[in-house]
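Numbers restart at 1 for each chain; the letters A, B, ... are given by sequence-line order, proteins then strands. Because the structure is a prediction, the values reported are computed rather than measured.
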Amino acid sequence: MKLGIKITLQNQVLDVQGRAVQKAFERDGLKFDDCRIGKWVVIDTGSLDKESSMNLIKKVLDQGLYNPLIETYCIEELDNK
Amino acid sequence: MSVKPIGVLQFPGSNCDHDVFKAIQRVHKKVRMLWHRDHLQIEDYAGFVVPGGFSYGDYLRSGALAAMSPAAKDLMEANKKNYPILGICNGFQVLCELKLLPGALLKNESLRFIDQWVHLKITNANKTWVKTEKTHLQLPIAHGQGRYYCSEETLKSLQDSRQIWLQYEENPNGSVMNIAGITNKDGNVCGLMPHPERATADWMGGTDGLCFF
């Protein structure tokens, strides 16, 4: 099973990369209110079913894939055809 | 009784390990390199230094993968036994990832890698690692991710417990409260972004780093 994990900085943490990207586009006349940059991690759990895969991913997250002090995450089920 | 050596942890991507080794050798005399994949024989050492660099190429987060190595995990045990542990730059990031120190180090506010000498104030003296009567130091910094960050609650706890060790006189990277270095509550674990090992001889530009070793 393939799962995608989106990891971004928490809202209260200043995202300097996002700010730099926002300002660069602003110079080209493309304005938007905010920009946050994160990481996209794809993990293939092989033949594990959904429940076991989610349990495994949560252990991986807890053991350091994300830093709960500064980051937040969401898990997406990818096309597993 | 013979003096035990100080252990310097080495990871793939460490690049200040030999500088730290030589700085310790100059002052403490006994020092030994420790490979990250090996477990630490804690009792054989007087203390441990996690040096600067870009361990594991800063993949995932600075210090995150190094913190998962057997040697780094053994530092948790060393801390329980109150051994002195010092993290310099990337080493500071590793100690934060291990949660031996609170908070995290983020990309500099300017997004630039900063390489310059800075003036520091010793906010709370820590005699475990710094043997000096000075209240101010001049040391070099060289980092892209040195912006110290923690929650307001953690910051209050750092202040209340006198864990803010070093502060920049002029904030170079956007760190909360100009923080350049902190300690744990017991004072045996210390982390700082500046590089004391790069200020241990006049030809380097200063000798304020000598008192760390």
Exercise. Any side-chain heavy-atom pair from Arg19(A) and Glu109(B) closer than 4.5 angstrom?
Worked result: yes
For this session: Verify the neighbour count for atom NE2 of His136(B): are there more than 12 heavy atoms of other residues, nucleotides or ligands below 6.0 Å?
Result: yes
For this session: Step through the shown structure and confirm whether more than 12 heavy atoms of other residues, nucleotides or ligands are within 6.0 Å of CD on Gln12(A).
Result: yes
For this session: State whether the number of non-hydrogen atoms from other residues, nucleotides or ligands found under 6.0 Å of Gln116(B) atom CD is greater than 12.
Result: yes
Problem set entry | Nearest-0.5 Å distance that lies between atom CG in Leu105(B) and atom CD1 in Ile70(A) | 9.0 Å
Exercise. More than 12 heavy atoms of other residues, nucleotides or ligands under 6.0 Å from NZ of Lys50(A): is that the case?
Worked result: no
Seminar exercise, completed: Between Gly64(A) and Leu60(B) the two heavy atoms that sit nearest each other are O-CD2, 3.5 Å
Exercise. Would you say the side chain of Leu14(A) lies within less than 4.5 Å of the side chain of Leu106(B), judging by non-hydrogen atoms?
Worked result: no
For this session: Inspect the surroundings of NZ in Lys4(B) and state if more than 12 heavy atoms from other residues, nucleotides or ligands are less than 6.0 Å away.
Result: yes
Exercise. Tell me, side chain or backbone of Leu65(A) under 4.5 Å from chain B's heavy atoms, or both, or neither?
Worked result: both
For this session: Report the option among Lys107(B), Glu97(B), Arg61(B) that has the most heavy-atom pairs separated by less than 4.5 Å from atoms of chain A.
Result: Arg61(B)
Exercise. Is there a side-chain contact between Arg147(B) and Val16(A), using heavy atoms and a 4.5 Å cut-off?
Worked result: yes
Problem set entry | Atom group of Gln17(A) that falls short of 4.5 Å from chain B, counting heavy atoms | both
For this session: Let me know if Leu65(B) has heavy atoms under 4.5 Å from chain A in its side chain, its backbone, both or neither.
Result: neither
For this session: Report, as yes or no, whether the 6.0 Å neighbourhood of atom CZ on Phe25(A) holds more than 12 heavy atoms from other residues, nucleotides or ligands.
Result: no
Seminar exercise, completed: Closest non-hydrogen contact found for Tyr149(B) with Leu69(A) is CE2-O, 3.9 Å
Exercise. More than 12 heavy atoms of other residues, nucleotides or ligands under 6.0 Å from CD of Glu43(B): is that the case?
Worked result: yes
